[in-house]
There are 2 protein chains.
Amino acid sequence: MQNDHFQPHDHARCISTALDAAERFCAAQGLRLTPVRKRTLEILLSEHRALGAYDILAKLDADGFGSQPPVAYRALDFLTANGFAHKVEALNAYVACTHPGAEHAPAFLICRSCGVVEEAEAAPDKGPLARAAREAGFAIERAVVEAQGTCPACRSAHP
Amino acid sequence: MQNDHFQPHDHARCISTALDAAERFCAAQGLRLTPVRKRTLEILLSEHRALGAYDILAKLDADGFGSQPPVAYRALDFLTANGFAHKVEALNAYVACTHPGAEHAPAFLICRSCGVVEEAEAAPDKGPLARAAREAGFAIERAVVEAQGTCPACRSAHP
DNA sequence: ACATAAATGATATAACATTACACATCAACC
DNA sequence: GGTTGATGTGTAATGTTATATCATTTATGT
C-alpha cells in the first residue's frame, strides 16, 4: 500500500495533491471544475471518511450554494464519473479518491470504529471472483469490493 | 461453480432444496421460521433476481401479512442474519441464498441485462483485497464483493 | 397458569435519491 | 459582437429505501 490513512499523516498534502491532480486532469480533458464541484471535492477531501450526500449538501448550502438535493448529487455525479470520488455502496456515502485521474478499479477498507475509508486496488482480473466469473462465462464490467472491519489504530486503542 | 443460474435449470428444485435446508437449519438451531419469514424466503427464491424490500412488502401485503415496511424488513433481517438471504449492496435489494445453512462469505455476479444474481464464494482470506488488508494491519470482518456485468446467456442473445 | 422473551401490528419519521422545468452561463460559430 | 446550442445551476416536488418507537400478541420454559 503506497499510503495509509489509518495512521497520522500530512493531510494538508493529501488535499492539495488530489485537488491539484483534479485541476490538471480537468484542464487536460476540457472538463469544467466549477465552484460547486470543486467545493464538493474539497469537502470530501477534508476527511478520509465517507460522507452522505446530505452531509455534503448541508455544507454546500452553508457556503451559499443551493440547498436542494440535486445540488449535491450533480456534483457527486461529476466527481464520480471522472474518478475524483467514489461511492461506497455499503454505506450509501461518498469518499474522495486518493489516486485520481487514471481509470482504476477501487476497493475499500472501511473501519467500523473510526469510519476511515482506505482505498486499495481491486485488480478485477485476479482473485477468486475473477475465477468464478471466467468459469461462468460472465463478463465483469464493474466490481464493488468493500471490506468492513477494524483498522490497526482502532484495534490498538480499544483492545 | 457448482451451479449456474444464468442457464436454464430445474428451478423448482432450487426452491425446494433451499426451503428444506432453511427448515432443517431452523429446527436444529431452535430458530422460528414463522409464516411471514417463510413466505418472504419463498418470494426471494421464486427468482434468481434481487428484489427490493418494497417489492417483497407488496407481495406480503397481497398475501395478508401487513403492509408496513417493518413487516418486510424484519423478515429480511431474520433471513440475512441466518444466512438464508443476502443483501446486494449495489442494488439495495435482497436475494435468496443458494447454499444456505453454513456461515459463508458471499460474492455476487450480477447481470445488468437480465438481473440474475449468481452467488459465488468470496474467499475473504485470498485475493488482492486480503493482501492489502494484511499489509495495512486491517482486520476484515465482512466483505461486500459484487461484480456487475453481462452473463453468457444475455451476451449470446444480444451480440 | 404464570412469567419471560420473542415476534408482530401500527404509526411516524428519517435517510437516500430522482424527475422536471425554468433560468443562467459558456463556447463556438457566423 | 450577437445568435445559437450545449452544459450547468436553482428550486420544487416526489420517489425510494430504511429505522425508531410503542402497544399488543404469541410462544416458551417453569
Side-chain angles (χ1 to χ4, degrees), chain A residues 22-23 26-41 43-44 49-82 84-95 110 115 117 144 146, chain B residues 22-23 26-41 43-44 49-82 84-95 115 144 146:
Chain A
E23 264 162 355
C26 287
Q29 304 288 311
L31 298 169
R32 292 164 58 192
L33 190 61
T34 60
V36 220
R37 290 168 175 179
K38 183 172 176 181
R39 183 73 192 110
T40 302
L41 181 53
I43 290 166
L44 288 174
R49 298 189 304 109
L51 298 177
Y54 280 69
D55 296 341
I56 293 163
L57 179 58
K59 300 196 198 230
L60 290 174
D61 189 20
D63 290 350
F65 299 98
S67 62
Q68 300 304 312
V71 170
Y73 283 103
R74 284 195 285 235
L76 289 167
D77 283 348
F78 174 85
L79 295 175
T80 54
N82 293 292
F84 304 142
H86 304 292
K87 180 172 187 185
V88 181
E89 297 288 350
L91 305 177
N92 290 322
Y94 303 83
V95 71
I110 305 160
V117 176
V144 172
E146 302 173 358
Chain B
E23 264 161 358
C26 287
Q29 304 289 309
L31 297 169
R32 293 164 57 192
L33 190 61
T34 60
V36 219
R37 292 168 174 179
K38 182 172 177 183
R39 183 71 194 113
T40 302
L41 181 53
I43 289 166
L44 287 173
R49 298 189 302 108
L51 298 177
Y54 284 73
D55 296 340
I56 293 163
L57 179 58
K59 299 195 198 235
L60 290 174
D61 189 20
D63 291 350
F65 287 104
S67 61
Q68 300 306 313
V71 171
Y73 283 103
R74 285 197 281 237
L76 289 167
D77 283 348
F78 173 85
L79 296 175
T80 54
N82 294 293
F84 304 142
H86 304 292
K87 180 172 185 185
V88 181
E89 297 288 352
L91 304 176
N92 291 322
Y94 303 83
V95 72
V144 173
E146 301 173 357

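Every chain is numbered from 1, with letters handed out A, B, ... down the list of sequences.
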To the nearest Å, how far apart are A:Gln68 CD and C:dT19 C1'? 13 Å

Among D:dG10, C:dT8, D:dA13, which is the nearest nucleotide to the side chain of A:Pro69? D:dA13

Round to the nearest Å and state the distance from A:Asp63 atom CG to D:dG10 atom P. 12 Å

Counting any heavy atom closer than 4.0 Å, what does A:Arg32 reach on the DNA or RNA strands: base, sugar-phosphate only, or nothing? sugar-phosphate

For D:dT17, does OP1 or OP2 lie under 4.0 Å from any side-chain N or O of B:Lys87? no

Determine the contact category for A:Arg37: base if any of its heavy atoms lies under 4.0 Å from a base atom, sugar-phosphate if only primed atoms, P, OP1 or OP2 are that close, otherwise nothing. sugar-phosphate

Mind calculating the distance between CG (A:Leu33) and P (C:dC26) to the nearest angstrom? 14 Å

Aromatic plane relationship, B:Tyr94 with B:Tyr73 - under 30° parallel, 30 to 60° tilted, over 60° perpendicular: perpendicular

Could you give the distance from CG (B:Leu31) to CG (B:Asn82), rounded to the nearest 0.5 Å? 4.5 Å

From CG of A:Leu57 over to C1' of C:dC16, roughly how many Å is that when rounded to an integer? 12 Å

B:Val36 or B:Asn92, whichever maps to the more 5' nucleotide of DNA chain C: B:Val36

What integer distance in Å separates A:Tyr73:OH from D:dG8:P? 20 Å

Do any N or O atoms from the side chain of B:Arg37 and from the backbone of B:Arg32 form a donor-acceptor pair under 3.5 angstrom? yes

Got a donor-acceptor contact below 3.5 angstrom from the A:Glu146 side chain to the A:Val88 backbone? no

How long is the line joining CG of B:Asp55 and P of D:dT17, in whole Å? 7 Å

B:Ala50 to B:Ala93 - nearest heavy-atom pair and separation: CB-CB, 3.6 Å

For a quick check of understanding: with a heavy-atom distance under 4.0 Å over all strands, which category does B:Phe65 fall into, base, sugar-phosphate or nothing? sugar-phosphate

Return the nearest nucleotide to the side chain of B:Arg74; candidates are C:dG9, D:dA18, C:dA17. C:dG9

Rounded to the nearest angstrom, tell me the gap between atom CG in A:Leu79 and atom P in D:dG8. 12 Å

On DNA chain D, does the nearest nucleotide to A:Tyr54 precede the nearest nucleotide to A:Ser67 from the 5' side, or the other way round? Give the residue. A:Ser67

Closest listed nucleotide, where the reference is the side chain of A:Pro70 and the choices are C:dA17, C:dT19, D:dT19: C:dT19

For B:Arg39 and C:dT8, what is the distance between atoms CZ and C1' respectively, to the nearest whole Å? 18 Å

